[in-house]
2 protein chains.
Amino acid sequence: MGRQMTEMLKGTLEGIVLAILSRRPAYGYEITAWLRDQGFSDIAEGTVYALLVRIEQRGFVDVVKVPSEKGPPRKVYSLNATGQQYLEGFWSNWSFLAERLEELRKGGK
Amino acid sequence: MGRQMTEMLKGTLEGIVLAILSRRPAYGYEITAWLRDQGFSDIAEGTVYALLVRIEQRGFVDVVKVPSEKGPPRKVYSLNATGQQYLEGFWSNWSFLAERLEELRKGGK
DNA sequence: CTCGCTAGTCTGCGTTACTATGTACTGGTA
DNA sequence: TACCAGTACATAGTAACGCAGACTAGCGAG
């Protein structure tokens, strides 16, 4: 991926994944597939798994192991209250940033 | 600053500064002041200078030293053609990201 | 048996922003 | 004259994050 996009994802990818989980529980492979679908064509798989480990350690998600017909059991993540709260903080930060940038884009030129 | 915002700025701060420079030439101290004004209340001065050094090395800006009545001479940066092109790439990446996040925010919940 | 899909782990690396500190030049003032 | 606030730029060390790439597994189909 472009260096630019890579850097832009720092901090936002976490919010994106939390937002996905706020809609419905999901497991790593599923999230990766969804991201690719949405056009984040080359987010590394390893990146998503590492991120899931981090948010689990921070206590933002609950985890349930669900047996799968295909391959090893899935770790299904769902957002808990702590995670929900953190996600709201993310949205407010995001809004702040997005507003400033929108202004800059319009005013610039 | 919050860890969250810090990470979010990675990749975007560069675009923000380039966007500022696309409106008019400016020097480091001025840019820092403007950012604080806009609500980026605690972006470290050192961060801006380091960023300016980076974009200069990549050839996105032209630099002119201008004597100042107060303090040492100012290094005035202005966006050149290469930088303008890079900035356009930044905007397209940003749009992509912003659209995906907007969708997530609406769809989620 | 081997291939391919699903699921997850681990290591080393490069980039970035932060903190903290330091240098240097100016004008005002006590 | 000595000091200080404001201006302007710079650098060393640190932490976080995403990436690349390799590796371990389980299971079904050809």
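Just so we're on the same page: letters track the sequence lines, and every chain starts at 1.
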Next on the checklist: Heavy-atom count check: over 12 atoms from other residues, nucleotides or ligands less than 6.0 Å from A/Glu102 CD?
Outcome noted: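 Buried by this count: over 12 neighbours within 6.0 Å.
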Item to check | Between CD1 on residue A/Ile43 and CG on residue A/Leu35, distance to nearest 0.5 Å | outcome: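 It comes to 5.0 Å.
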Item to check | NZ-CG distance between A/Lys106 and A/Leu104, expressed to the nearest 0.5 angstrom | outcome: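 Spacing of NZ (A/Lys106) from CG (A/Leu104) equals 11.0 Å.
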How close or far is atom [atom2] of [N] from atom [atom1] of [X], stated in whole angstroms?
X	N	atom1	atom2	value
A/Lys65	C/dT9	NZ	C1'	12 Å
A/Leu52	D/dG18	CG	C1'	14 Å
A/Leu51	D/dA16	CG	P	14 Å
B/Leu13	D/dA16	CG	C1'	16 Å
A/Arg54	C/dT9	CZ	P	13 Å
A/Ile55	D/dC17	CD1	P	12 Å
B/Gln57	D/dA10	CD	P	11 Å

Checklist entry - Which one, D/dC17, C/dC18, D/dC9, comes nearest to the side chain of A/Arg58? => result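 Nearest nucleotide to the side chain: D/dC17.
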Next on the checklist: For B/Ser95 versus A/Arg105, what's the shortest heavy-atom pair and its separation?
Outcome noted: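 Minimum heavy-atom contact is OG-NH1, 3.0 Å.
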Checklist entry - For the residue pair B/Ser41 and B/Arg36, what are the closest heavy atoms and their distance? => result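 Between these two residues, the closest heavy atoms are O-NH1, 3.1 Å.
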Next on the checklist: Expected output is a numbered-order residue list: members of residues 3-12 of chain B with a heavy atom under 4.0 Å from any atom of DNA chain D. What is it?
Outcome noted: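 Contacting residues: B/Arg3, B/Glu7, B/Lys10.
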Next on the checklist: Just to be sure I understand the geometry, which residues of residues 26-36 of chain A put a non-hydrogen atom under 4.0 Å away from DNA chain D?
Outcome noted: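 Within residues 26-36 of chain A, no residue comes under 4.0 Å of DNA chain D.
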Checklist entry - Taking OP1 and OP2 of D/dC9, is either one under 4.0 Å from a side-chain nitrogen or oxygen of B/Tyr49? => result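 For B/Tyr49, the contact criterion (side-chain N or O under 4.0 Å from OP1 or OP2 of D/dC9) is met.
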Scan the side chains in residues 24-33 of chain B for donor-acceptor partners under 3.5 Å anywhere in the protein, sequence neighbours excluded, and list what turns up.
residue : atom : partner : partner atom : Å
B/Tyr27 : OH   : B/Arg74 : NE           : 3.3
B/Tyr27 : OH   : B/Arg74 : NH2          : 3.2
B/Glu30 : OE1  : B/Tyr27 : N            : 3.2
B/Thr32 : OG1  : B/Gly28 : O            : 3.0

Checklist entry - Quick one: are B/Phe60 and B/Arg54 in side-chain contact, heavy atoms under 4.5 Å? => result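 The answer is no, as the side chains (C-beta and beyond) never meet within the 4.5 Å cut-off.
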Next on the checklist: Contact between B/Leu21 and B/Ile55 at the side-chain level, heavy atoms closer than 4.5 Å - yes or no?
Outcome noted: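 In short, these two side chains touch, coming nearer than 4.5 Å.
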Item to check | Set of residues satisfying side chain to side chain contact (heavy atoms under 4.5 Å, CB included) with respect to B/Glu56, sequence neighbours excluded | outcome: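 Counting only residues at least two positions away or on another chain, B/Glu56 forms a side chain to side chain contact (heavy atoms under 4.5 Å, CB included) with B/Val61, B/Val63, B/Lys75, B/Tyr77.
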Checklist entry - Please walk me through it: do B/Gln57 and B/Val53 pass side chain to side chain contact (heavy atoms under 4.5 Å, CB included)? => result CA-CA 6 Å; B/Gln57 278 170 354; B/Val53 168; 3.9 Å; yes
For a quick test of your reading: what N or O donor-acceptor pairs under 3.5 Å do the side chains of residues 9-17 of chain A make, sequence neighbours left out?
residue : atom : partner : partner atom : Å
A/Thr12 : OG1  : A/Met8  : O            : 2.8
A/Thr12 : OG1  : A/Leu9  : O            : 3.1
A/Glu14 : OE1  : A/Arg58 : NH1          : 2.9
A/Glu14 : OE2  : A/Tyr86 : OH           : 2.6
A/Glu14 : OE2  : B/Arg3  : NH2          : 3.3

Close N or O pairs between protein and nucleotides 22-30 of chain C (under 3.5 Å):
residue : atom : partner : partner atom : Å
C/dT26  : O3'  : B/Glu69 : O            : 3.3

